2 protein chains.
Amino acid sequence: MNDSAKTDRIRLSAEDWEDAALGLIAEQGVGALAVEALARQLGVTKGSFYWHFRTREALLQAALERWEQYGEREVIDQIKAIADPRERLPELFRRVAHERDPHRVYAALLKALDHPLVVPVMARVSQRRIEFLTEVYREAGMAARPALNQARLTYAAYVGFLQLNFTLGLPRLSHDEFDEYVAHMLATLTPQS
Amino acid sequence: MNDSAKTDRIRLSAEDWEDAALGLIAEQGVGALAVEALARQLGVTKGSFYWHFRTREALLQAALERWEQYGEREVIDQIKAIADPRERLPELFRRVAHERDPHRVYAALLKALDHPLVVPVMARVSQRRIEFLTEVYREAGMAARPALNQARLTYAAYVGFLQLNFTLGLPRLSHDEFDEYVAHMLATLTPQS
DNA sequence: TGTCGTCAATACGCCTCCGTACGGTTGTGA
DNA sequence: TCACAACCGTACGGAGGCGTATTGACGACA
C-alpha cells in the first residue's frame, strides 16, 4: 500500500507539480510549500523539480495562476446557470456553508496574505467575486449602489465565516444551530422578497 | 537620531521583549518573529534573549498571552460605558471602520491561523467578542437566539472587513464610498429601530 | 540501433535561524 | 570593597531548506 499520493506515473509534468502544490497549500498552508517535501510526496527528488521550475517562487506563482484560472469558474458558472435570479443567493449560501473542499485553498491563501505573491491574486479573485455578487443582487431587484454595498458586506461575511467556522472551528455549533445560523444569514443578507 | 525603536534603556525586561514581539507581529506577521531580528531591533544580541526566554515559542506564547489580557479590555469597556444601548452598535462600527491600529495585531494573527499557538488564543478572543456582541444586540432589543446569530454574522463581517479592506486593500474606496459602505453595513446589521 | 531530448538521482555548497556554552559587565547590598 | 545576581556579547554546533552541478535512465525517432 503506497502511503499517500504516489501516483504510479513514472514521469511528471509541470502541471503535476502545480496540482500537488495546491494540494499541499490547501492542507498545510503556503508556508509548508517546500520543494523537498513536495518531491517526497510525489515520490521523486529535487532533481526533478528544478528541471520544471527555476525556483520555488516560480512554482508558487504558477500554482496560484493555475488556481486563479481553473479553480474559480466552476462555482460562478453553476450559479449563473440557475434560471430564477432570486434562487441564486440561497443556493450560493448553501454551497458555501456546507461544502468545505472548494474553499480550502482560498482559506489557506487567506492565511498567507503576508506573502507578496498571493496578495494580488487574492485581490483579483475577491474583486471578481464581489462583482459577481453585485450582479446577482441587481438581478434580484436591488439598485446599483445598494447592490454593490450589499455585495461587499456579504463577501466580507463569507470571508469571516471561513475563518471563524472552518479554520478556527469557532462556534462549535450543532447541526441544527448551524442551519439556523445559515438561515439567519440568508434572511438578513437577502433583499426583502 | 536613533533609527527606530532603540529605547535608551540599557537593560531590558521580559515585558520589553513581549511588546517588541507584538510590534513586529503587527508589522510583519508571526512568521517574521525571529529572535535575532528582534534583538537587532532592540539593539542587543541573542545573549539577552535567551536569558529571558527558554525558546522562541516561549516568547510567542508570552506575547500572545499579554495581548489577550491587556490589548482587549479597552474597546469593550469603552463601549460598555456608553449609556444608551442603541448607541453602542453605531459607535462600535465607527471605531472598527476608522481606527486601524488596534486591529493590526488581530489582523496579523488572522494570517497565522496555521500556527498551533495562535489558534486557541484567537478562538478565545473571538468567542468572547461574539458573546459581547450578543449582549449588545440583546440590550438593543433582540431576542436571545436572533441576537446570537446576528452577533456571529456581524463578527464574521468584521473579520472579513479586516481582510478585504486592511490587509488586502481591496475595494480601493474613496472616502465617500467608504462612509456609504459603513452606513449600509450599519443599516443592515442593526436591529430595525 | 544510435542519438537526442526529457525527466530524475545524487551529492554538494550555502545561507538562515535556532539553541548552547561561556565569559564579560554592571548594579546593588552586605 | 567584595560577592552575587541580572543582563548581555561572542562564538559555535546543528538542522533545515534552497539552488547547482553532474551523471544516469529511458523513450522517441531517424
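Lettering of chains follows the sequences in order, A, B, ..., and the numbering in each one begins at 1. Note that this is a predicted model, so its numbers are computed, not measured.
Closest to the side chain of A:Thr45, from the set D:dA6, C:dA8, D:dT20, is C:dA8. Nearest nucleotide to the side chain of B:Glu36, out of C:dC17, C:dC7, D:dC7: C:dC17. Here the side chain of B:Ser48 is nearest to one of C:dC18, D:dC8, D:dG19, namely D:dC8. Candidate nucleotides C:dC7, C:dA9, C:dC18 were compared by shortest atom distance to the side chain of A:Trp51, and C:dC7 ranks first. In this structure, the nucleotide among D:dC8, C:dA8, D:dG17 sitting nearest to the side chain of B:Val44 is D:dC8.
Both A:Arg40 and A:Arg54 lie close to DNA chain D; mapped to their nearest nucleotides by heavy-atom distance, the more 5′-ward contact belongs to A:Arg40. Along DNA chain C, the nucleotide closest to B:Glu57 and the one closest to A:Phe49 are compared, and the more 5′ of them pairs with A:Phe49.
A:Phe49 and A:Trp17 have perpendicular rings, their planes meeting at more than 60° on a 0 to 90° scale where under 30° would count as parallel.
Residue B:Arg11 contributes atom CZ, which lies 10 Å from atom P of D:dG9 at whole-angstrom precision. Residue A:Leu60 contributes atom CG, which lies 15 Å from atom C1' of D:dG17 at whole-angstrom precision. With rounding to whole Å, A:Leu38 atom CG is found 16 Å from C:dA8 atom C1'. Between the CZ atom of B:Arg56 and the C1' atom of D:dA15 there is a distance of 15 Å, rounded to whole Å. What separates CG of B:Leu33 from P of C:dT16 is a distance of 18 Å, to the nearest Å. Separating the CZ atom of A:Phe53 from the P atom of C:dC7 is a distance of 11 Å, rounded to the nearest angstrom. Note: CD (A:Gln41) to P (C:dA8) measures 15 Å, nearest angstrom. The OH atom of B:Tyr50 sits 23 Å away from the P atom of C:dG24 (whole-angstrom rounding).
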Before you tell me yes or no, could you show the steps for B:Arg138 and B:Glu131 under salt bridge (Lys or Arg N to Asp or Glu O under 4.0 Å), namely the whole-Å CA-CA distance, both residues' side-chain angles and the distance that decides it to 0.1 Å? CA-CA 11 Å; B:Arg138 288 229 58 185; B:Glu131 286 166 5; over 6 Å; no
Could you walk me through whether B:Glu36 and B:Arg40 pass salt bridge (Lys or Arg N to Asp or Glu O under 4.0 Å), step by step? CA-CA 6 Å; B:Glu36 290 176 277; B:Arg40 267 194 304 275; 5.6 Å; no
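The cationic group of B:Arg129 lies under 6.0 Å from the six-membered ring centre of B:Tyr106 and within 45° of the ring axis, placing it in a cation-pi geometry.
Within 6.0 Å of NE2 in A:His98 there are more than 12 heavy atoms belonging to other residues, nucleotides or ligands.
Here B:His52 reaches the OP1 or OP2 of D:dC8: one of its side-chain N or O atoms lies under 4.0 Å away.
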